[in-house]
Amino acid sequence: MKGDARSIVRVTSIIAGIFAAFVAIVIPLGHFTISYQFLMGSLDAQADLSSRNINSIVHDSPNMWQFEQIRLIEMLERRPLGNIPEQRRIIDTSGTIVAESADRLTPPVVAKSHNIYDAGRVVARVEICRSLYPILSQTVMLAFASIALSIIVFIALRTIPLRAVRKAYASMEESEARYRSLYESMNEGVALHRIATGPGGEATFTVIDMNAAAELILNIDRNSTVGSDGAKVFGAAIKDHLPDILSAAKSSGTISFEYPMESISRVLSIAIFFPSPGAFATLIEDVTDKKRSEEQIKRLAYYDILTGLPNRQLLQDRLDQALARATREGGKVALMFIDLDRFKFINDTLGHAYGDLLLVQVSLRLRDCLRSSDTIARLGGDEFVILLSYMGEELNAAHVAQHLLEQAALPFDLGTRQVSTSISIGIAIFPTDGLDGQALLSSADMAMYAAKERGRNMYNFFSQEMNVKAHERMELETSLRAALERDEFFVEFQPIVTARTCKVVAAEALVRWNHPEQGRIMPDSFIPLAEETNLIVTLGDWVLRTVCRKMKQWADSGVPPLRVSVNVSGMQFRQANFVDDVAKIIGETGVDPRLLELELTETSLMEHADATVKSLFRLKELEVGIALDDFGSGYSSLTYLKNFPIDRVKIDRSFIKDVCETPDDKAIVEAIIALAMSLNLYIIAEGVETPEQVAFLQARNCDEIQGFHFYRPLSEEKLLELLKSL
Ligand SMILES: Nc1nc2c(ncn2[C@@H]2O[C@@H]3COP(=O)(O)O[C@H]4[C@@H](O)[C@H](n5cnc6c(=O)[nH]c(N)nc65)O[C@@H]4COP(=O)(O)O[C@H]3[C@H]2O)c(=O)[nH]1
């Protein structure tokens, strides 16, 4: 740019100089020439005129005219331009001055002459002289003025265009500076390249400029890079695309691509465009973080955060692909639904942190049992799904399942604790057990439930009967909901007697369902489902309210006071407002709370022990009795037993069943009775069916007995009749 400016200055100066010189020379020269010619013309004309006048004198006296001095001089002095100094004279042929006017002239002098004739013969000539001095002095004056004018012309012609050029350059520089500051402050890197031809005729490119962002992104120094081969700077990033770049250059199109540049451990987004012929610009953006967040989003969308395994979404994709492939190639696909046995209990007793740790370890161990082509996904909670493609034989799936069971049963080291668990596996095979992913998944789920029902820690293949059973379950759930609305439930009461006197002292309220088609349905068939579907909360509330209302009616009608126990499900007990609901029911029905006893299972009390203690104490404040149901069947904890405000423990009927035959059961029952007595708790034995069992319990000082040996569950009327007959 500076070189261009210098040449513009030079050319402009030369042109201005030429013009100035022209003005300085041409004006005085022109003046002189014109004045001179005018002078000479005028002298010539006057000489001619004078010669003609003198001719008449010569003609009048051809021999004596030379002596007519006065007339001649007078004639010479007759001038049209009287005030201009002139010298006029008549010179005869011998060169003698015949007559002469008197003016003296300042040299230089110019003259013009004309002949004087006598009868066609030249006898003399008239010569008129004038000084050139006035013209010369005018010319000199004019030359000075012209020089002054030429200086002005030179200045004008040089300065005005140069000022415009300078202004244009200044605004160009300003705009360039603006663009450069923009260019330098861009977050995107920009590099400019010139396309060249290498020694072998191949296309190469040279870096001609780059901005600060490009330096930073590419981790290079621009000073040492500018002018070097672009392939060395950008590696294969641009070189690989050079043919495309060259063809795009012809059409002035743009090219963009992403390139993972390993040398700087960054992913670059590169856009190439063509600002001028033979050159191209590279717009470089560091998209490493963007790529990382995209990966992260993808991971969140398709992978489980805790275990890093594929989630339901990704499983669905892989399942669809596997099924499509199996359909095309006639292969099989096995889908395993896996659930950790008693995970909830582990989670609740050890805490969620350990629960999470266990899930991670289980996922790692299960994954280690699989081939890389298999997929293991976590659906959530403790549910995993394994997808095995191309199962030649179902036996293969059984082998894998067996291996998984064995591995999952080995203890897990959770840092400060060792935990043992097991898994239950349901297996569904494509195409026999389901034609799409959803169907296969629900078949595998049913098979897994069947494995759990069979006693956990085992695998189970799906069968059509399970489908039927599941269908029945669904129907049961629907009708269970309807039953609550249609008031199809009723309560029976099983009397409880004292072991010593066999006198009825209490009764247990047991719910039944009067199904419109199936008739009486016992609680074992619907309570588990009601617990799974949360319906137990409404049902339990109904039972408690019904029992309390009846007890109040009995009391009002003079029936002797009878303690009645009501079963409370774990889920019902865990409701935040359970104690408030009990208080409300007691308040609303007006029942004597001292006659009401709530039966809670060991397991439901063990979960969330802290909250349990609080609720139990609040129940005790209501003066409600608390019994521990099915005692001995769960994970009994003596600490809890000691800390919980319990009134009674009920020995599980599974121990009573063979108490007289099996020494183990006998020992357990004796231990439970001894323990309860030492803790000052009343003991009820349930499921007592034989006189031997009664005798055994009486001998061990058991407090109360409940069982078919004395009474089966009775309708309300029968119970009232019984009470009246006592
Ligand atoms: N074989 C045999 N069985 C005996 C004998 N004596 C009593 N039983 C049965 O043992 C069960 C005692 O109730 P549970 O252990 O609380 O076990 C109850 C309880 O866990 C649950 N249940 C019943 N009603 C309710 C209720 O209103 N709410 C809740 N949450 N659960 C209930 O259903 C379970 C089963 O109730 P039921 O079928 O009425 O069965 C009753 C009763 O009929 C005996 O000598 N031999």
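If you're wondering where the values come from, they're calculated on a predicted model, not measured in any experiment. Count residues from 1 along the sequence. Atoms within each ligand, like the ligands themselves, are counted from 1 in listed order.
For E597, the salt bridge (charged side-chain N to carboxylate O under 4.0 Å, His left out) criterion is met by R563, R648, not counting sequence neighbours.
Checking E689 against Q693 by side-chain atom types alone, no donor-acceptor pair falls below 3.5 Å. Between the side chains of Y354 and T416, at least one donor N or O sits under 3.5 Å from an acceptor N or O. Judged by distance alone, the side chains of R378 and N311 never bring a donor and an acceptor atom under 3.5 Å apart. Side chain to side chain, T601 and D630 fail the donor-acceptor criterion of an N or O pair below 3.5 Å.
The closest approach between any non-hydrogen atom of G540 and ligand 1 is not below 4.0 Å. Contact analysis leaves H709 out of contact with ligand 1, as no non-hydrogen atom separation drops below 4.0 angstrom.
In this structure, atom 11 (C) of ligand 1 lies nearest to the protein heavy atom R653 NH1, 3.2 Å. Atom 35 (C) of ligand 1 has as its closest protein heavy atom D524 OD1, 3.5 Å. Looking at atom 21 (C) of ligand 1, its nearest protein heavy atom turns out to be P523 CB, 4.2 Å. In this structure, the protein non-hydrogen atom closest to atom 24 (N) of ligand 1 is V511 N, 3.1 Å. Scanning the protein for heavy atoms near atom 18 (C) of ligand 1, the closest one is L510 CD2, 4.4 Å.
At a distance under 4.0 Å, a protein heavy atom can be found next to atom 6 (N) of ligand 1. The presence of a protein heavy atom under 4.0 Å from atom 40 (O) of ligand 1 is ruled out.
You'll find the side chain of F631 stays beyond 4.5 Å of the side chain of D652, heavy atoms only. At least one side-chain heavy atom of L544 sits less than 4.5 Å from a side-chain heavy atom of L598. Contact check for K344 versus N347: no side-chain heavy atoms found under the 4.5 Å cut-off.
Considering all non-hydrogen atoms of both residues, A499 and Q698 come closest at O-NE2, 2.6 Å. Of all the heavy atoms in S569 and I536, the pair that sits closest is CB-CG1, 3.5 Å. C369 approaches H403 most closely through the heavy-atom pair CB-CD2, 3.6 Å.
Of the heavy atoms in E508, only side-chain atoms (C-beta onward) come closer than 4.0 Å to ligand 1. At a 4.0 Å heavy-atom cut-off, ligand 1 touches Q494 through the side chain alone. Only the side chain of D630 comes within 4.0 Å of ligand 1, judged by heavy-atom distances. Of the heavy atoms in V688, only backbone atoms (N, CA, C, O) come closer than 4.0 Å to ligand 1. When heavy-atom distances to ligand 1 are checked against a 4.0 Å cut-off, V543 comes that close only through its side chain, counted from C-beta outward.
Within the cation-pi definition used here (under 6.0 Å to the ring centroid, within 45° of the axis), R700 qualifies as a partner of F696.
Residue-ligand proximity, E686 to ligand 1, at heavy-atom distances under 4.0 Å covers atoms 12 (C), 15 (O). Contact atoms of ligand 1 toward E689: 1 (N), 2 (C), 44 (C), 45 (O), 46 (N) (distance under 4.0 Å to a heavy atom of the residue). Near G687, the atoms of ligand 1 lying under 4.0 angstrom from a non-hydrogen atom of the residue are 5 (C), 6 (N), 44 (C), 45 (O). The distance from ligand 1 to the heavy atoms of P713 drops below 4.0 Å at these ligand atoms: 43 (O). When each atom of ligand 1 is checked for a heavy atom of G707 under 4.0 Å away, the hits are 6 (N), 45 (O).
The heavy atom nearest to atom 22 (N) of ligand 1, out of those in I521, T690, I496, N567, is found in N567.
Between F708 and ligand 1, a contact under 3.5 Å exists for at least one N or O pair. Residue-to-ligand polar distances keep Q572 apart from ligand 1: every N/O pair is separated by 3.5 Å or more. At under 3.5 Å, not a single nitrogen or oxygen of Q706, backbone or side chain, sits near a nitrogen or oxygen of ligand 1.
Residue pairs meeting the salt bridge (Lys or Arg N to Asp or Glu O under 4.0 Å) criterion with at least one member in residues 710-726, sequence neighbours excluded, are K550-E716.
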